[in-house]
Amino acid sequence: MSQRKLYIETYGCQMNVADSHLICGHLEGQGYVRTDTPEDADVILVNTCAVREHAEQRVWGRLSDLARYKQRNPEIVLGVVGCMAQHWRDKVWERAPYVDLVVGPDAYRRLPDLLQSVHHSQRAHDVRLDRGETYADLAPAYDGKVTAFVSIMRGCDQFCTFCIVPYVRGRERSVPAEAVLGRVRELVARGVKEVTFLGQTVNAYRHGETTFADLLRQANEIRGLERIRFTSPHPVYLTEEVIAAMAECEKVMPALHLPLQSASDAVLKRMNRQYTLAEYDRLVHQLRTAIPDLALTTDILVGFPGEREEDFQATYAYLEKTRYDAAFMFKYSPRPGTRAYKWGDPIPEEEKIRRLEAIIELQERVSAEINAQAVGSTVEVLVEGQAKRGPGWYGRSPQFKNVVFTAQRAVRPGELVRVKIADSTAHTLKGALAGGKEQ
Ligand code: 5AD
Ligand code: SF4
């Protein structure tokens, strides 16, 4: 068979980005070649997110755009994979009859076979969840960057009442530690300097006797690896062992994304978050004591059913007091199939928007103030490439801040350099090379 060209477009979280690499690696192993444009593709896959309705609407719109390529050439296969495929199953065809293939997050191993059967002009779908599937043996495609994602666990057992993830990604399961560490070593051999361990509740990782803290310590020993990050942890699994491993492992970067969602105990309880504000706040203190230069970020969800003005004010006040480096802030989007769905969406849209805008404004101010404090200091930056806008280079600080900088000498991706910060915004530090540390 001549080589078929694969185009894949990815929506949603980093987990999906990692899954798209996995899909590419798997299909490349079966003779497919990757293309960056849908124009010349034989197979078009859309890897989808179901977490909010808005994300889904974008995908429905995009699918109807992509269907144009099929009008021109009916041989082209258009597939929906990922969380929306799992969420909508064969109902995808009611809304998007031109789709040929519907494949959920646990069925990627069968993609070559499923694509083959579509080729014989039938539709195909596989949305079975498989609680044993970790894809530990499949090598993801490597995109040549100096940073890489490594999935260490899949699924989620938390069942927050607002969230669709446990239904579309199934039960929690961890990749064997040897497979994780082997993957990291392979990536390092190809030039990767920084890995980010991924999982929906990444610190719930456990395989046999190996805990998440053990895994961090083992990865910290890998020669040639410079930086380790992970996302997203759940507060209930943030044990003292994990905090100690973060503090003691020099390669584990001082940056943590610790979703809060709400600072009202009443709301947290209805969300089934399994912690109180006091417990969460204790973690923040422990973390900041153990890791004084820690950058802390979070997720906030406003407008959850039953969120009163005083609940919202508690969240506002906690953000103001805690001074996160950054936050992802969302307004509640009811998801059919979740437990909260039956509570409807009682808070009016304008009110949800008001609450969201208020915390965004607050957080922008705090982020700008925190970043302004970095002006005049020198930070270590892992160079990722040239700056997208304007001249100069781009990389991240240990705290995961975007840094753009100018350099009098040539620098190369993968290099760790010191950058003197001269200016800042809420989202970026700007500066100039202060002298490099050669690898
Ligand atoms: N509506 C809005 N935001 C949501 N999130 C998860 N489910 C929903 C929903 N139904 C947010 C949470 C989570 C982040 C990944 O997405 O804040 O931490
Ligand atoms: Fe979206 Fe959640 Fe699926 Fe990630 S896991 S793609 S955030 S629905």
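Counting convention: from 1, in listed order, for ligands and their atoms alike.
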With sequence neighbours excluded, residues passing side chain to side chain donor-acceptor pair (under 3.5 Å) with Gln274: Asn272

Ligand 1 atoms in contact with Arg335 (distance to a heavy atom under 4.0 Å): 10 (N)

Within-cut-off N or O pair, Asp299 and ligand 1, under 3.5 Å: yes

Any N or O of Tyr332 closer than 3.5 Å to N or O of ligand 1: no

Per-residue contact class, Lys331 against ligand 1 - non-hydrogen pairs under 4.0 Å: backbone

Numbered atoms of ligand 1 (with element) below 4.0 Å of Leu301, judged on heavy atoms: 1 (N), 2 (C), 3 (N)

Salt bridge Glu350-Arg354, side-chain N to carboxylate O under 4.0 Å: no

More than 12 heavy atoms of other groups within 6.0 Å of Lys145 NZ: no

Shortest non-hydrogen contact between Leu111 and Val103, atoms and distance: CD2-CG2, 3.9 Å

Min N/O separation Phe162 to ligand 1 under 3.5 Å: yes

Ring pair (Phe, Tyr, Trp, His ring centres under 6.0 Å), paired with Phe230, selected from Phe212, Tyr237, Phe197: Phe212

Atoms of ligand 1 close to Val51 [distance to a heavy atom under 4.0 angstrom, numbered from 1]: 6 (C), 7 (N), 8 (C), 9 (C), 10 (N)

Salt bridge present between Arg282 and Glu279 (N-O < 4.0 angstrom): no

